[in-house]
Amino acid sequence: MPVITYREALKSAMAEEMERDERVVLLGEDIGVYGGTHLVTDGLIDRFGPRRVIDTPIAEGGFTGAAIGMAMAGMRPIVEMMTWNFSFQAVDQIIQNAAKVRYFSGGQASVPLVIRGPNGGGVQLSAQHTHSLEGFYGHFPGLKVVSPATPHDVKGMMIEAIRDPDPVIFLEAGALYGTKGEVPAEEYTVPFGKARIAREGSDVTLVGYGRQVNLLLKVAETLASEGVSAEVVDLRSIRPFDVETLVASVTKTHRAVAVQEQWRWFSVASEVAALLQEFAFDELDAPVERVSGVEAPAPYSRSLEQAAFPSEQQIVKAVRRVLYREN
Amino acid sequence: MPVITYREALKSAMAEEMERDERVVLLGEDIGVYGGTHLVTDGLIDRFGPRRVIDTPIAEGGFTGAAIGMAMAGMRPIVEMMTWNFSFQAVDQIIQNAAKVRYFSGGQASVPLVIRGPNGGGVQLSAQHTHSLEGFYGHFPGLKVVSPATPHDVKGMMIEAIRDPDPVIFLEAGALYGTKGEVPAEEYTVPFGKARIAREGSDVTLVGYGRQVNLLLKVAETLASEGVSAEVVDLRSIRPFDVETLVASVTKTHRAVAVQEQWRWFSVASEVAALLQEFAFDELDAPVERVSGVEAPAPYSRSLEQAAFPSEQQIVKAVRRVLYREN
Amino acid sequence: MAGTQSRGKRGAGVGEAGAKSRKGGNGHGPDDATLVGFYQKMLVIRLFEDAAQRGFRTGKIGGYLHLYSGQEAVATGFLSTYQPGDRVVTAYRDHAHALLLGATPREVMAELYGKGTGLVKGKGGSMHLFDVENGFWGGYGIVGGHIPLGVGMAYALRYEGTDNVVQLSLGDGAIHNGAFHEGANLAGLWGRDGMNPTLFILENNKYGMGTSVERATAMTDLSAKFDSYAIPHEDVDGNDLLAVLECAERVVASMRETGKPYAVEAITYRIVPHGAADFLERYRSKDEIAEWRKRDPIGILEGRLLERGALSEAQIDELRAAAKATVDDAVAFAESSPEPDLRELTTDVYAEGA
Amino acid sequence: MAGTQSRGKRGAGVGEAGAKSRKGGNGHGPDDATLVGFYQKMLVIRLFEDAAQRGFRTGKIGGYLHLYSGQEAVATGFLSTYQPGDRVVTAYRDHAHALLLGATPREVMAELYGKGTGLVKGKGGSMHLFDVENGFWGGYGIVGGHIPLGVGMAYALRYEGTDNVVQLSLGDGAIHNGAFHEGANLAGLWGRDGMNPTLFILENNKYGMGTSVERATAMTDLSAKFDSYAIPHEDVDGNDLLAVLECAERVVASMRETGKPYAVEAITYRIVPHGAADFLERYRSKDEIAEWRKRDPIGILEGRLLERGALSEAQIDELRAAAKATVDDAVAFAESSPEPDLRELTTDVYAEGA
Ligand SMILES: Cc1ncc(C[n+]2csc(CCOP(=O)(O)OP(=O)(O)O)c2C)c(N)n1
Ligand SMILES: Cc1ncc(C[n+]2csc(CCOP(=O)(O)OP(=O)(O)O)c2C)c(N)n1
Ligand SMILES: [Mg+2]
Ligand SMILES: [Mg+2]
């Protein structure tokens, strides 16, 4: 299989669908002439022209709303949030219109829209430019929310998202654009609502998504050397959420640690713990541990930022706790 | 003690603080000349004048941002969201500025701001006008989030909020404005981060906040007649969150049902379940049950809306499940 | 998704006269029959709103209820230019728009009553009427929020190569919202290349809820705000149907050619409270309301028709009786309709089977 | 919260000359000494930005880094009117603002290096400089988001009865954002009653990141957009310090009287990439940049000073050397400063003990 980067996988998904379907267009800031601040759309304006690759003013609410209107009118827009941090200016459009129009129109309108862009921190962008919004958007019925971690998944899920008849919040792991992986040459999609076992194990289940998955795989290696067999569950899809795979894994391991970059309160990890105590109550041999971003806005300083996100040591400690090897 | 309505309690808290402190001003749509769409600020413009009771254009982001600037400059603004549903237009200001300015200014700036208004459904306002946003805002460090259920608490917590040096998201139970209760004549405050035992019991803990508290008290009555002694915990404060009171109650009852109007995924009830399995793992005799709003935008039709929110029967059934008297 | 019900099954909408305005023999202005048709529509709309108000007072209609009374000539005039494929978008004051485009009074009243036979199955209520089959794309409750949607729809219409237009209504209060600024700027920008036939219909009824235009902005010439986006504009007397018709036909015809946006500020007045729950109306005087009632768009049109001899007092009484009968029938239908099937609570959240 | 450090301890900021502009003997225009002081400040700012760029290229500075090179005359001119109690707010291109108001090059460079000795303790970085003690209220990263804050601060200044003003900088790209529309409308509305001395300084450097003004709006006379809010405005050559000074002094003086908002569009150009990571610059031509480099604000001022005989080539070399020494010292300080105390990670989230 060809090995390409997360960025190339994303771009090829969009380009292929644009070739297949005239209705697919891109909107966003500096995605055309500039080439995209993360070069995800680089070159597409030359291939598809300015009517399909639309550079917008700095007005996230306006162009997201316009894209919703385009989608209602039968087009298949893909909106780039230069970074998801700017989506707070589009929240009213996303939550009040995109997520609800199908419902309050009694099913007369639909919004086949994809909103994509990099999410999460790790490159010292500080407080206003560092957010991990899976739970934030995942709370709302009418939205679908995904957070792929590999080139394979990001391509398959982007094609799935473009073809989806409902609005999809597509949260890319900004830190992973340059990472490489195998991606099939032939057309394929990755369905929503299916988690992936990134590594099999029997002693403890490590649950994560996005860039945490790579961290969890490293942790699993470390644990292996300590004789602990860790299973790594990559959620991939936040809404719909794959409860079965999660519960099946913990039914095997009886222990779980949920890891996320986002803050702890009312979060994805909270839901993981709630689901496990609900559906695997008698299987759990220890409380589900949560390792989350520190309870503060993201700092700028490199040393502070590194301390702000889940680290290998923190996760290993949490694993030891669920194994009652440490408190 | 004088008996007044939730609405009167709110108004008196603001009026008293405005009398005591010149820096306190109100901003919002139709809070002055019109009297406030829910009449919470009725008459205040006559008492304090248009420079302290400021009618604004329909620009939630703009006037919330302006209020943040006023707060940074040493004033103590109270912003009315005519309803919290409109706060989606102010999310960027609330999350990117109000919650973070203290941090990214290295502690040089602070935002003593209160944003208040009715939250939650129940009067057929349909999809765009029905939200319960405790978890949505509670996720973000830098914000405080409260949701008082009684006239006593709404007054004491509003005074606490006005005097708080940080931004407070003050979520009023819109459905309860007309409800009456005892409120001390003398000055008092209700601290944040302290839940309230609304009813003592020994068999099961019912956890809620806002208008659900009244529902839970009714359920407790019903259960009493079945011989089940239910304790009702009114969270009151969502961030900071009172883990101790919650855990203490469940340590006594060994069973819990968390009830909320908001949607289930990544919510307050998710956090309640996560906390209990974390801090009361060995105390729980059954999984924490969650009763939430149905997974759909709010419908208009009265019959549909009633079916969309937690009902007495649903909660009673959930209690029977945690007591293993039904599945 | 759209078109599941056939027009036939659904009935004729309001009034007999077709939506199109036919020129009179003299070549300028619509002919008498056309005007009588519009008069009849406006009558039905007015009586429909009165009935809705009664339904609200008696607790049969819940939520928010925003009536169009006093502003009928605006929507009646502009929507007369509707052609299949056009898209109409407005805010929550939307009953007239739905009725004029062809939704039946029964469907709309049933929606207000929250019944399963309602235009959107009882799910949206007064603020969220939709009739996609007839070009009505909603029906939105968040001030300003619908504006970018309309602009995007206009882009799509040209992207598909049609000569259709979007008619986008907004209020005087909405123009101060950031969504207006961002949406209008996109319309101007895309319109430069003929990719945005959005007709902004700014219904200036003097108040945003209880806040007068003067208390919402220091620059009260609202249509001039479109200069910031290079969108040409004009004002029209929104209570004079003939003036609105002349403006609408001219403007929409040229937009179909150019694909460029245009803005019209229609000066009008709501002679009823902002919403059915706005009892006090402290923000305006009884006299002001009385003054405007003298300029009631239905009264003005009625006067013209009598003057022209297009209608006699007797015929007017007949038309009023017919309109009343239509509305009474709608109310009876709504009253007797069943509640929505409870299973509808969780349908239309996502596409079937998605 | 503010004022924990004394100016003394913190040192003198950039250059020797005071911030105030003293009139020359002839009565109009600043005197030579004042201009030389400004020239020196601009030199330090330019060399500071060059050093920051090097720090970024060598990985010592992270995150986003937006340089002010080419625009120095704008902030230098406007902030020369600063008086204690005034408040200055800008976006992320904020190094010059902090330095001109009195933050030391050491404090600012240390912040870019993310050190504990930084202006905001290493917590904010380049985009979030704050120096409240000297009237600098940030330093914001979300386009448009800071505009309503500045308008609110201006209200507070008048509410307290002062004659202070807010200087609020925004870019040509920010003007299309809804936050601008809502903030400017509030400024116009409150200013009508003398409650909003906000000076909008629209720095039109022709591009918002890679999008030219023409590609962002169909109405490219940006200052005219303030007409929508009844905010008077004018344009100024943002590369000519003397023109900026004349405008700034006149405008700010009258705002202190009236308490009303005003807008100035400063036409300028950034001769460096948008951000330190903007390598390609496909959106503009090398020629265009070269053309503007000929109009470099420092070069223009230097020419004037030589012409006037206010400076000799020799003195210029001395000033350059002094500026270089100042910046070298700042870099050395930043390099040798300690990382922030890890406990700082969770301080300043809420007030102490709150
Ligand atoms: C963002 C937002 N804020 C507030 C409201 C509450 N609200 C509903 S209608 C209205 C007034 C709108 O006035 P205008 O735009 O003039 O339209 P009109 O009601 O006069 O037709 C307000 C403030 C809302 N629906 N959305
Ligand atoms: C709401 C938002 N969207 C996008 C961005 C990314 N961004 C940072 S700077 C910038 C360009 C701003 O241009 P302008 O306002 O002209 O200021 P300049 O950079 O030219 O000084 C953009 C799009 C952002 N910071 N905030
Ligand atoms: Mg109005
Ligand atoms: Mg610019």
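Computed from a predicted structure; not experimentally measured.
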Asker: Side chain from CB out, backbone as N, CA, C, O: work out which of these in Asp193(C) comes under 4.5 Å of a heavy atom of chain A, or both, or neither.
Answerer: both
Asker: Checking heavy atoms, do the side chain of Leu143(A), its backbone, both or neither come under 4.5 Å from chain C?
Answerer: backbone
Asker: Please report the shortest heavy-atom distance between Leu119(C) and Gln108(A), naming the atom on each side.
Answerer: O-NE2, 3.3 Å
Asker: With a 4.5 Å limit on heavy-atom distance, are the side chains of Leu189(C) and Pro57(A) in contact?
Answerer: yes
Asker: Any donor and acceptor pair, going by atom type alone, linking the side chain of Asn97(A) with main-chain N or O of Gly145(C) inside 3.5 Å?
Answerer: yes
Asker: In the structure I gave you, are the side-chain heavy atoms of Gln93(A) and Pro148(C) within less than 4.5 Å of one another anywhere?
Answerer: yes
Asker: Using 30° and 60° as the class limits, which term best fits the ring planes of Tyr140(C) and Phe104(A): parallel, tilted or perpendicular?
Answerer: perpendicular
Asker: Can you name the nearest heavy-atom pair linking Leu186(C) to Ala66(A), along with the distance?
Answerer: CD1-CB, 4.2 Å
Asker: In Å, rounded to the nearest 0.5 Å, how long is the span from OG of Ser110(A) to CD of Glu352(C)?
Answerer: 12.5 Å
Asker: To check you understand the geometry: which heavy-atom pair defines the closest contact between Pro141(A) and Val349(C), and what is its length?
Answerer: CB-CG1, 4.0 Å
Asker: Between Tyr159(C) and Arg52(A), does the side-chain hydrogen bond (donor to acceptor under 3.5 Å, both in side chains) criterion hold? Intermediate values first, please.
Answerer: CA-CA 9 Å; Tyr159(C) 186 81; Arg52(A) 295 188 70 188; 3.3 Å; yes
Asker: So which residue, Arg87(C), Glu344(C), Met127(C), ends up with the most heavy-atom pairs under 4.5 Å with chain A?
Answerer: Arg87(C)
Asker: Decide yes or no for Leu149(C) and Met72(A): does some side-chain heavy atom of the first lie under 4.5 Å from some side-chain heavy atom of the second?
Answerer: yes
Asker: If I compare all heavy atoms of Tyr350(C) with all of Gly142(A), which pair ends up nearest, and what's the gap?
Answerer: OH-N, 3.1 Å
Asker: Heavy-atom cut-off 4.5 Å, strictly under: side chain, backbone, both or neither for Phe192(A) against chain C?
Answerer: neither
Asker: In terms of heavy-atom proximity below 4.5 Å to chain C, should Glu22(A) be classed as side chain, backbone, both, or neither?
Answerer: both
Asker: Between His181(C), Met195(C), Glu111(C), His146(C), which shows the greatest number of heavy-atom pairs under 4.5 Å with chain A?
Answerer: Met195(C)
Asker: Are side-chain heavy atoms of Val101(A) and His128(C) found at a separation under 4.5 Å?
Answerer: no
Asker: Which of residues 161-174 of chain C get closer than 4.5 angstrom to chain A, counting heavy atoms alone?
Answerer: none
Asker: What part of Val111(A) is in contact with chain C, defined as an atom under 4.5 angstrom from a non-hydrogen atom: side chain, backbone, both or neither?
Answerer: neither
Asker: Would you indicate whether Arg51(A), at its atom CZ, is surrounded by more than 12 heavy atoms from other residues, nucleotides or ligands within a distance under 6.0 Å?
Answerer: no
Asker: If every non-hydrogen atom of Pro50(A) is compared with every non-hydrogen atom of Tyr155(C), which pair is closest and at what distance?
Answerer: O-OH, 4.4 Å
